[in-house]
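We're numbering straight along the sequence, starting at 1. Predicted, not measured: the structure shown is a model, and the values here were computed from it. All values below were derived from every heavy atom in this structure, side-chain atoms included, with hydrogens, water molecules and symmetry-related copies excluded.
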Amino acid sequence: MRLVVSMMKLDSVLLICTAIATHKAEGLDGKNYAGPNMLFIVSDDLRPEMGLYGGRAITPNLDAFAKTPGTVVFDRAYVQQAICCPTRSSFLTGRRPDTTKVWDLKTQFRLSGGNFTTLPQYFRENGYYTAGMGKVFHPVSYLGKKDDIMGGSWSAPYFHAKAAHGSSLNGDCWTVNPAPDDTFQDNVLVAHAVKTLQNVSSMKSTPFFVAVGIHRPHLPWDVPAHYYNLYPDVEDIALADHRTPPKNYNITGAQPWSWDPQSGPRHCGPLKQLGRNMSEYALVNDTVSRYLIRGYLAAVSQTDANFGVVLDELERLGLGATTIVTFIGDHGWQLGDLGEFGKKTNFERATRTPFIIRNPFSTQAAAFSHALVEFVDIMPTLIDLAALPLPPVCPEDARKVALCTEGTSLKGVLADPAGTEDFSPAAFMQYAHCMHDEGFWHDGCGNASEPHVMGYAIRTRRWRYVEWVRFDKATTPPTIYWDQKLGTELYDHTEDDTVANVAESVNVVAEPSLRGTVVSLSAQLHAGWRHKMATLVTDTS
């Protein structure tokens, strides 16, 4: 068992350990069963914009879920790369992008990194029935099929919703659509999730791992009209504050490697033309920005409603008391923040995303955790909560190691959210510049030898520090030329650890008074996650 011993209250630790031991043996009806069920729900492009995070989106279901006993809301959770395929390849294998060697939207991790055991695959190999639907893995092909069907992740046939609305980018992305709810992609998806839960509820001796990949609020924001009606006046939609690039952004040369202001809007029908008529790096105008923000908020509200449908069915079936529920985004999204629309950066709004776990075997009141956590921590955490053997830490060359992790279990943090705020000193993330190679879309690297430039970032309690450096992916692990810096960024989140845009509105990397801070953060960045884990976790087994 891995616990952060120095930070745990002993009674909390004993309480959680007792609950884990108990739930392996006895359910509510007193009958034996094999282990806790898992419901894993991931939403695409979701920033912490829900009410429970203080956001503008109207999200009553998630807000209520966050208040239920045994629930912990992580409000400083960071992905390893803010784009779909790299982040999903990372948190579904427990490994970072430099190990999966997935930095773009077109690479399958089993072909680039190794034949790694995935999160659902691990549960399947340990006696679970695993079922997946929607967008769980990014849809890239392995052995002729997508969704890791051929990799061994799923027990059940994989499901994709076919619907009249919600999946086409030919529209303008914010059309108010009066069509019935059951004709939209995600509504069809959650109807299947309900049927899946009904089916698995009869498997009394076999635990389940059900993964539901909700597509929204990814573009297009083609959702039922009544979600737009929650935000009736587009003129009243507030724009992001600090909606221009950071001051002194390019003072050491970082901006050309990292700036990507229109990566989202360029994917929408008329906005494709708008993008072609604009400079590639021009800002989106205020009128269009308001329509984009309204569409995003409407899609978040639809996501909330669909989450509620699935959770209500879990409870109706009596499965809530034996099912660990995880809800996450796959990365954040910028809505004009610092001039950016989309993900595809190392900024706070792109890399910070919702992460909520409800453990029904905990008697704790609902709580927020302010610990700095990473999405590579998800896989070891769920394995640990299921009382299954934890994967070892990956060696530097893990190509032939099927099961290992580059994260750490958060079970100790879940046991004592208030007492583990300083659980971790930092989170690490990165972004590949070559994603800009596709001049219009910014969706892929230009040739097979790329990326040649990588932006590495570290987020501590106060600082976000970024180095853009030369990079060679051909070696294992990749060669990072720390001595060949192309640009640097430093943002002060203050002693209050603010997530407001003002923190990243000025690049202070060249401030003479902060030279020592830059040197220290650079050394911490270069030492990386391995050094962090060596100081983070004590093995108390």
Side-chain angles (χ1 to χ4, degrees), residues 19-43 65 68 70-71 88 91-94 117-137 147-149 151-161 189-214 306-328 356-362 378-389 391 403 411:
I20 291 291
T22 302
H23 80 241
K24 290 286 288 182
E26 188 173 327
L28 288 180
D29 58 2
K31 295 179 181 179
N32 291 340
Y33 74 112
N37 300 312
M38 295 281 171
L39 176 59
F40 184 81
I41 302 177
V42 56
S43 172
F65 173 66
T68 55
T71 302
R88 291 168 187 259
F91 67 70
L92 288 167
T93 64
T117 301
T118 68
L119 175 61
Q121 182 181 357
Y122 180 88
F123 279 94
R124 184 183 185 192
E125 291 174 354
N126 281 274
Y128 278 66
Y129 177 85
T130 60
M133 62 206 73
K135 187 177 177 182
V136 179
F137 290 91
D147 307 301
D148 203 45
I149 291 170
S153 287
W154 309 111
S155 308
Y158 202 84
F159 177 81
H160 280 292
L189 172 71
V190 299
H192 180 79
V194 165
K195 292 179 182 177
T196 300
L197 290 174
Q198 292 168 353
N199 291 338
V200 299
S201 67
S202 64
M203 301 178 182
K204 301 300 184 184
S205 61
T206 302
F208 62 78
F209 182 103
V210 171
V212 183
I214 296 175
N306 283 325
F307 170 83
V309 169
V310 178
L311 196 69
D312 286 350
E313 186 64 14
L314 186 81
E315 301 297 344
R316 189 190 72 80
L317 293 167
L319 295 171
T322 57
T323 303
I324 294 169
V325 179
T326 304
F327 178 83
I328 61 172
I356 310 170
I357 291 183
R358 186 179 74 183
N359 179 5
F361 308 104
S362 169
I378 292 173
M379 181 169 175
T381 298
L382 295 184
I383 289 171
D384 208 3
L385 289 176
L388 293 169
L403 179 64
K411 188 170 74 173

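The nearest pair of heavy atoms linking Phe361 to Ala321 is CE2-O, 3.6 Å. In plain terms, the two heavy atoms of Pro207 and Pro36 that are nearest each other are CB-O, 4.0 Å. Among all heavy-atom pairs drawn from Ala386 and Phe123, the shortest one is CB-CE2, 3.8 Å. Of all non-hydrogen atoms in Leu197 and Val210, the two that sit nearest each other are CD2-CG2, 4.5 Å. Among all heavy-atom pairs drawn from Ala211 and Trp154, the shortest one is CB-CH2, 3.8 Å. Pairing each heavy atom of Pro120 with each of Leu92, the nearest pair is CD-CD2, 4.3 Å.
Residues Ile328 and Ile378 are in side-chain contact: their nearest non-hydrogen atoms beyond the backbone lie under 4.5 Å apart. Between Gln198 and Arg316 there is a side-chain heavy-atom pair separated by less than 4.5 Å. Side-chain atoms of Leu385 and Lys411, non-hydrogen and from C-beta on, do get closer than 4.5 Å to each other. Contact of the Leu311 side chain with the Arg358 side chain is registered, since non-hydrogen atoms from C-beta on lie closer than 4.5 Å.
To the nearest 0.5 Å, the span separating CZ on Arg124 from OG1 on Thr117 amounts to 12.0 Å. The CD1 atom of Ile214 sits 13.0 Å away from the NZ atom of Lys135 when rounded to the nearest 0.5 Å. The CD1 atom of Ile356 lies 8.0 Å from the OG1 atom of Thr71; values are rounded to the nearest 0.5 Å. Here the CG-CD distance, from Leu403 to Glu125, works out to 8.0 Å after rounding to the nearest 0.5 Å. Note: Phe40 CZ to Thr323 OG1 = 15.0 Å, rounded to the nearest 0.5 Å. Within the model, atoms CG of Asn37 and OG1 of Thr322 stand 4.5 Å from one another, a figure rounded to the nearest 0.5 Å.
The backbone N or O of Gly134 lies less than 3.5 Å from a partner atom in the side chain of Tyr158, making a donor-acceptor pair. Judged by distance alone, the side chain of Thr130 and the main-chain N or O of Ser153 form a donor-acceptor pair under 3.5 Å. At distances below 3.5 Å, at least one donor-acceptor pair connects side-chain atoms of Asn126 with backbone N or O atoms of Tyr122.
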Starting from the C-alpha separation in whole Å, work towards a yes-or-no answer on side chain to side chain contact (heavy atoms under 4.5 Å, CB included) for Asp147 and Val136.
CA-CA 7 Å; Asp147 307 301; Val136 179; over 6 Å; no
Are Phe208 and Thr196 close enough, and set up right, to give a side chain to side chain contact (heavy atoms under 4.5 Å, CB included), and what steps lead you there?
CA-CA 10 Å; Phe208 62 78; Thr196 300; over 6 Å; no
Apply side chain to side chain contact (heavy atoms under 4.5 Å, CB included) to residues Ile41 and Leu39 and explain how you reach the verdict.
CA-CA 6 Å; Ile41 302 177; Leu39 176 59; 4.1 Å; yes
Would Val42 and Phe91 count as a side chain to side chain contact (heavy atoms under 4.5 Å, CB included) here? Give the steps.
CA-CA 11 Å; Val42 56; Phe91 67 70; 4.2 Å; yes
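The ring of Phe307 has its center closer than 6.0 angstrom to the ring center of Phe327.
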